[in-house]
Amino acid sequence: MRCYAGSLVTMRAKRSGYLLGFVYSTALVCGLYGFMATLPGLIVVSLCALLIASLLYFLLASRSATIVLLFNVSIFVLLVGRAAMRYMSNIPMESDTASHTFALLLVLISTIVINSTFLLLQSRFAKIPTKQKSSSIAKDYRFRFIVGVLFILTTLFALIKNTFLFYFAATNGYNALYLGPGIGLPPIIIAIADISPIALGLYLATMPSKVQSHIALASYTLLQIPMLMAGKRMLFIAAVMAWVSYIFLRSKTEKGDISWIGFKEKLSMIIIVPVLIVMIPVIGALRGNNATKDPLYELLDSQGVTLDVIAFGITFADDMPKSIYGPYVTAPLVDYLLTNYVARLTLGTQEIPAQSEDSGILGKNYADAISYRSLSRENYLGGQGLGSSYIIESFVDFGILGVAAMSAIIGLLLLWITYRFDHGFWTTWVICVLLLYVYKIPRGKVMDIILPLIQFHTLLIIFAIFFATRLYNGIVIERSGHNDK
């Protein structure tokens with residue numbers, strides 16, 4: 001009976017896959033026609049149909065696709081929802097129709113490639129064993145204790161930092177948050193606070209208990225509330241997504257009597273969505289925005305500005321300079337490698353401040369370059385900016401093929417996260433850190449998901465933790481030897 005049930009599920013998944021492929025093909029054809037006929041509304045409908053079909057497939061036919069499902073939610077909230085709500089309300093977008101239509105086409109192509117990559121290669125990745133021998137690092141309770149203490153310490157500093165930034169934004173305005181050293185917070189507090197995501201990843205990679213995992217993830221999520229109040233909503237939303245992702249991955253790999261996704265977890269997931277929808281208009285009112293009577297519209301409209309970023313990028317594509325650090329996709333990485341603390345001491349390089357004249361003219365990164373050209377000089381230097389997206393960065397550097405290639409890489413990354421979790425301590429740590437950043441790249445720089453893993457302070461902290469663990473173990477062994485005597 002089990003074999004029959006398994007074959008029935010496989011057959012159902014294949015049929016659902018064929019149907020999903022048909023939906024993707026139809027959406028692409030409609031999207032291309034919408035682009036050639038300058039009918040952005042048709043592309044929006046195609047995108048919504050594609051995302052709904054993917055949602056149904058991953059929910060009903062493939063429960064191992066929670067990560068890509070949440071990434072689809074991120075794409076909808078950040079890139080599609082605003083256009084969908086405005087077209088239904090007959091409200092024009094902020095960019096010209098041609099650029100906006102092409103931007104929607106790029107989003108459509110990217111979404112199809114990401115989901116198709118996951119769908120086509122899922123069976124191959126699924127053959128990887130879901131559980132290997134537990135890492136000796138993960139089983140070392142002293143290492144977990146030290147990492148836990150580090151997370152608590154850095155979380156306290158992050159709370160100080162985020163609370164200070166909230167009051168700073170309330171006093172000086174939201175745009176003042178992007179003026180760098182002008183915020184007046186001691187650099188040492190910022191440096192320690194920025195270690196919090198790395199420490200959380202290290203702690204989660206030790207595979208703590210269900211209660212300990214929820215406490216750590218809840219602490220990190222609640223830590224984002226001051227920034228949510230300041231106006232940075234995506235930090236909180238991404239933290240919630242990371243929380244759900246980690247619990248799913250633990251439930252997928254853990255074998256035992258403990259249910260990682262029980263009634264309480266399911267109820268919490270159901271409650272958090274309407275809570276977020278209701279909270280967004282309140283946050284918008286605190287920032288001085290005109291809150292609408294429809295909280296869902298407010299949520300999607302406020303978070304969907306990234307589509308305009310892509311459209312502006314298309315409009316100003318011919319005026320964009322070559323970045324001083326090479327392709328915009330890798331510019332933040334090259335910038336860090338050449339201007340970090342060690343490089344400044346050894347090579348004599350100097351860091352280009354963000355939101356400055358030099359950062360805009362020289363193209364420190366794509367966000368600075370496009371903001372300097374599309375906004376007034378005064379507004380840009382005053383802290384206003386448009387942000388970035390993996391779509392527009394890869395398009396400006398390498399065209400439509402670049403968007404397709406980057407989307408395929410993201411699809412592979414989502415597969416790797418899903419099927420390589422709990423395959424060694426360091427792999428699990430990388431995945432835990434990636435979960436905190438991957439859902440933000442539709443509206444952020446591509447390198448934002450890599451830089452936290454290779455920054456100098458990250459490597460220094462890891463070395464210090466291992467040194468402290470070895471020292472701690474040595475003291476324990478020495479004391480036990482004295483006691484034996």
Side-chain angles (χ1 to χ4, degrees), residues 10 13-32 43 46-76 78-80 104-128 130 241 245 248-249 252 310 329 389-395 397-421 423 427 430-431 434-435 437-444 446-450:
T10 303
K14 286 184 177 180
R15 290 178 178 177
S16 300
Y18 293 144
L19 180 60
L20 191 62
F22 172 76
V23 173
Y24 287 176
S25 302
T26 304
L28 181 59
V29 171
C30 293
L32 290 172
I43 306 179
S46 301
L47 270 166
C48 291
L50 185 151
L51 291 171
I52 292 173
S54 299
L55 173 66
L56 293 176
Y57 171 78
F58 293 133
L59 281 177
L60 302 178
S62 181
R63 295 184 179 180
S64 296
T66 302
I67 306 300
V68 72
L69 176 61
L70 289 174
F71 196 83
N72 280 333
V73 172
S74 180
I75 288 177
F76 179 79
L78 298 176
L79 298 174
V80 182
L104 286 169
L105 179 64
L106 292 179
V107 175
L108 177 64
I109 292 173
S110 175
T111 307
I112 290 176
V113 172
I114 290 173
N115 286 275
S116 298
T117 301
F118 193 97
L119 180 66
L120 293 174
L121 299 180
Q122 183 180 10
S123 60
R124 294 189 179 184
F125 275 79
K127 294 178 182 178
I128 301 174
T130 57
M241 288 183 168
S245 300
F248 157 75
L249 291 174
K252 181 175 177 292
I310 299 175
V329 169
S389 171
Y390 74 92
I391 293 178
I392 192 59
E393 286 184 354
S394 53
F395 173 75
D397 287 335
F398 308 109
I400 294 180
L401 292 179
V403 175
M406 181 59 65
S407 302
I409 292 173
I410 292 174
L412 289 171
L413 178 64
L414 298 178
L415 275 167
W416 186 77
I417 290 174
T418 301
Y419 290 103
R420 295 297 295 180
F421 184 80
H423 282 64
T427 299
V430 171
I431 289 175
L434 288 176
L435 290 177
Y437 294 96
V438 69
Y439 299 116
K440 295 187 285 188
I441 61 172
R443 73 174 307 167
V446 175
M447 289 296 108
D448 284 347
I449 63 175
I450 297 177

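- Legend: residues meeting side chain to side chain contact (heavy atoms under 4.5 Å, CB included) with I409, ordered by chain and number and at least two apart, are absent.
- Annotation: side chain to side chain donor-acceptor pair (under 3.5 Å) contacts of S394 (sequence neighbours excluded): none.
- Counting only heavy atoms from C-beta outward, the side chains of R420 and I431 approach each other to under 4.5 Å.
- Shown here for L78 and P442, the closest heavy-atom pair between the two residues is CD1-CB, 3.8 Å.
- Looking at heavy atoms from C-beta onward, L414 lies in side-chain contact with I114 at the 4.5 angstrom threshold.
- Looking only at side-chain heavy atoms (C-beta outward), F125 and L121 come within less than 4.5 Å of each other.
- Residues satisfying the side chain to side chain contact (heavy atoms under 4.5 Å, CB included) criterion with A404, sequence neighbours excluded, are V113.
- For the residue pair S407 / Y390, no side-chain donor-acceptor distance below 3.5 Å is found, with atom types taken as modelled.
- Taken to the nearest 0.5 Å, the CD atom of E393 stands 8.0 Å off from the CE atom of M447.
- Scanning all heavy atoms of the two residues, the minimum distance from L106 to V403 falls at O-CG1, 4.1 Å.
- Taking 4.5 Å as the limit, every side-chain heavy atom of T66 sits out of range of all side-chain heavy atoms of K252.
- Considering CD1 of I400 and CD1 of I109, their distance stands at 5.0 Å, rounded to 0.5 Å.
- For the atom pair CZ of F248 and CG of L435, the computed distance is 10.5 Å after rounding to the nearest 0.5 Å.
- Using a 4.5 Å cut-off on side-chain heavy atoms (C-beta onward), T418 and F118 make contact.
- Taking V107 as the reference, L47, I75, L79, V80, T111, L307, I310, I391 meet the side chain to side chain contact (heavy atoms under 4.5 Å, CB included) condition, with sequence neighbours excluded.
- Counting only heavy atoms from C-beta outward, the side chains of L413 and I449 approach each other to under 4.5 Å.
- We find the CE-OG distance between M406 and S389 to be 10.5 Å, quoted to the nearest 0.5 Å.
- To the nearest 0.5 Å, atom CG of residue L28 and atom CG of residue L105 are 8.0 Å apart.
- Summarising the geometry, atom CG belonging to L108 is positioned 6.0 Å from atom OG belonging to S46; distances are rounded to the nearest 0.5 Å.
- Contact of the Q122 side chain with the Y419 side chain is registered, since non-hydrogen atoms from C-beta on lie closer than 4.5 Å.
- In plain terms, the two heavy atoms of S245 and L70 that are nearest each other are OG-CD1, 3.2 Å.
- F395 is linked by a ring-ring contact (aromatic ring centres under 6.0 Å, His included) to F102, counting only residues two or more places apart in sequence or in another chain.
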(message) Determine whether R124 and L415 satisfy the following criterion, side-chain contact (heavy atoms from CB on, under 4.5 Å), listing intermediate values before the conclusion.
(response) CA-CA 10 Å; R124 294 189 179 184; L415 275 167; over 6 Å; no
(request) For the pair I67 and V438, evaluate side-chain contact (heavy atoms from CB on, under 4.5 Å) and give the outcome as yes or no after the intermediate values. (result) CA-CA 10 Å; I67 306 300; V438 69; 5.6 Å; no
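- The shortest distance between side-chain heavy atoms of I410 and V446 does not fall below 4.5 Å.
- Evaluation of the side chain to side chain contact (heavy atoms under 4.5 Å, CB included) rule for D397 yields P327, Y328, V329 as partners, not counting sequence neighbours.
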